[in-house]
Amino acid sequence: MPNVTYIAHTGESQTIDVPIGMVVMEGAVRNGIDGIVAECGGACMCATCHVYVDEAWLSLLDPIGEEQEEMLGTTAAERKPNSRLSCQIPMRADLDGLIVRMPDRQT
Amino acid sequence: MPGVVIVGAGQAGLEAAAALRTQGYAAPIALIGDEPHAPYQRPPLSKEYLLGKQSADHLPLRAPVYYEKHSIALRMGETVTALDRPARLVHTGKGEIHYDKLVLATGAHNRLLAVPGAERVLYLRTRDEADAIKGRIARSSHIAVIGGGFIGLEIAAAARIMGKQVTVIEALPRLMARAVPPLLSDFFLDAHRREGTEVILDATVQEITKNSVVLTGGRSVTADWVVAGVGVIPNVDLAYSAGLSVGNGIVVDEFLRTSDPDIYAVGDCADHPNPFASGRARLESVQNAVDQAKCAARGIMGSPAPYRDVPWFWTDQFGIRFQMAGLSGGHDQTVLRGKIEDRKFSVFFFKQGRLLAVDSVNRFGDHVAARKLLTAGTRLTPQQAGDETVDLKTLRAGG
């Protein structure tokens, strides 16, 4: 099963197996990782699952969709070029080893 | 040390516990819920979950490890039977718990039909009810949905997508009448009819039989079974019995405190002053559950700030993404942005030239812009709202 490494803003890191098809947000929520909140449950209606995707993986991700683009304009922490909503990143085999960094706040 | 006791483990209750921990609350927290399942999301129950696109393991709001890690005593399957305010005690079927501060997140329950045969009707609020409905949809060929509001229409859409014959029966002359203007009721009526759903408006149910719904006037709708979504009633009994002020829900002030300052009420059950309503409101939404939970937590932490988050809401029917920002009640002017025939448009609601709310169909950018405009109190004229060359994102507060 592919894994994702979630790095908190404090530097604490956790690597979690995330099944193919599950979104990166859910991998965090189901394993009790605090830095991802997901108030709307993955409906792309809030921006509380904001992550910074490690540069090495950026080119593998799907282009940012219209709704994600809009919500990324409302993140609590600074939006950067590698900002993504983790509910919009479905896990794939080629994303095995993905590294995401979580902002210091989601709301 | 007693700590905070939260009655009700829906999203509002869970978020209250989470917000307290996030804000640094260190004393014990007990979260009491009468359902067997740990706090879970309700919105998918009438959408992805009903359609089988999402399994049950997607529903929990938090993993079991979360409650351990944050010392939140989750007490599921436990019903609170009474409050003893002088003693600061909560009585449950299993014992009693002391509190310093109490949060009532008791939610609401479905309004039930009161016609002959009503015992045959299913309703949707809980996960168990969703499971029952899912099973019934699979085994039936013709389904009647009583109530053309959000829940009824979402269930109708799911059943139709699963290839069932569906009839929606609505008492009012248009769909979602309490929440949207006629233009949007018409849009959704057309959308459902286009997908092959039969919609009967202005119809009252007289009786439900084994295989039909009989309407006033004698018309009979064939149905293997019937589901109803005819509104909810806030759960106020506990508060009322404890002598707290109750109106259209548990009455709270702008800090979400009840008439007892050590007791807060949040979420679906809270009758609260809302700056986006002309007076008080009671809202049933994820936004309201989450933001009120945070607001109550701030009060408990000793840094109260009034509840003034912009209301927002969403529904998905046949792939149509419909979002609402603000509250449109009391509007005296509506402005259309975009074209209805493109199935991409927004309706802007104004009162005396001031923006109240925006309803968006497949125009997510408008929705997000509306939330920002309403939060900042940025002035938007009706003329600007209708002019697609005006970029809503570049308008500035005070401009």
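The model shown is predicted, which means the values in this text are computed figures rather than measured ones. Convention: sequence-line order gives letters A, B, ...; per-chain numbering from 1. All heavy atoms count here, side chains included; hydrogens, waters and symmetry mates do not.
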Checklist line | Among B:Glu15, B:His58, B:Lys294, residue most engaged with chain A (heavy-atom pairs, under 4.5 Å) | finding: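 Among B:Glu15, B:His58, B:Lys294, the one with the most close pairs to chain A is B:His58.
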Note to self: Using a 4.5 angstrom heavy-atom cutoff, name the option from B:Arg62, B:Gln287, B:Lys69 with the most pairs to chain A.
What the structure shows: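 The option with the most such pairs is B:Lys69.
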Next item on the list: Tell me, for A:Glu26 versus chain B, whether the close heavy atoms (under 4.5 Å) come from the side chain, the backbone, both or neither.
Entry: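 A:Glu26 touches chain B through side-chain heavy atoms alone.
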Notebook entry, point to check: Given a strict heavy-atom distance threshold of 4.5 Å, which part of A:Ala38 is in contact with chain B: side chain, backbone, both, or neither?
Noted result: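 Looking at A:Ala38, nothing touches chain B.
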Under 4.5 Å from a heavy atom of chain A, the part of [X] involved:
X	result
B:Asp57	both
B:Phe313	backbone
B:Gln11	side chain
B:Glu68	neither

Check: Under a 4.5 Å cut-off applied to non-hydrogen side-chain atoms, are B:Phe364 and A:Met45 in contact?
Finding: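 With C-beta onward as the side chain, the pair touches.
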Notebook entry, point to check: Taking all atoms of both residues into account, what is the closest heavy-atom pair of A:Thr74 and B:Val368, and its distance?
Noted result: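 Reported closest heavy-atom pair: CG2-CG1, 3.4 Å.
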Item checked: Taking every non-hydrogen atom, the tightest pair across B:Gln41 and A:Cys40 ->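 The answer is OE1-O, 4.1 Å.
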Margin query: For chain B, which candidate among A:Glu39, A:Met71, A:Glu69 shows the most heavy-atom pairs at distances under 4.5 Å?
Written below: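 The option with the most such pairs is A:Glu39.
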Margin query: Salt bridge check, A:Glu66 against B:Arg321: does any charged N sit closer than 4.0 Å to a carboxylate O?
Written below: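 Salt bridge absent between B:Arg321 and A:Glu66.
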Margin query: Salt bridge check, A:Glu70 against B:Lys372: does any charged N sit closer than 4.0 Å to a carboxylate O?
Written below: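 So B:Lys372 does not pair with A:Glu70 through a salt bridge.
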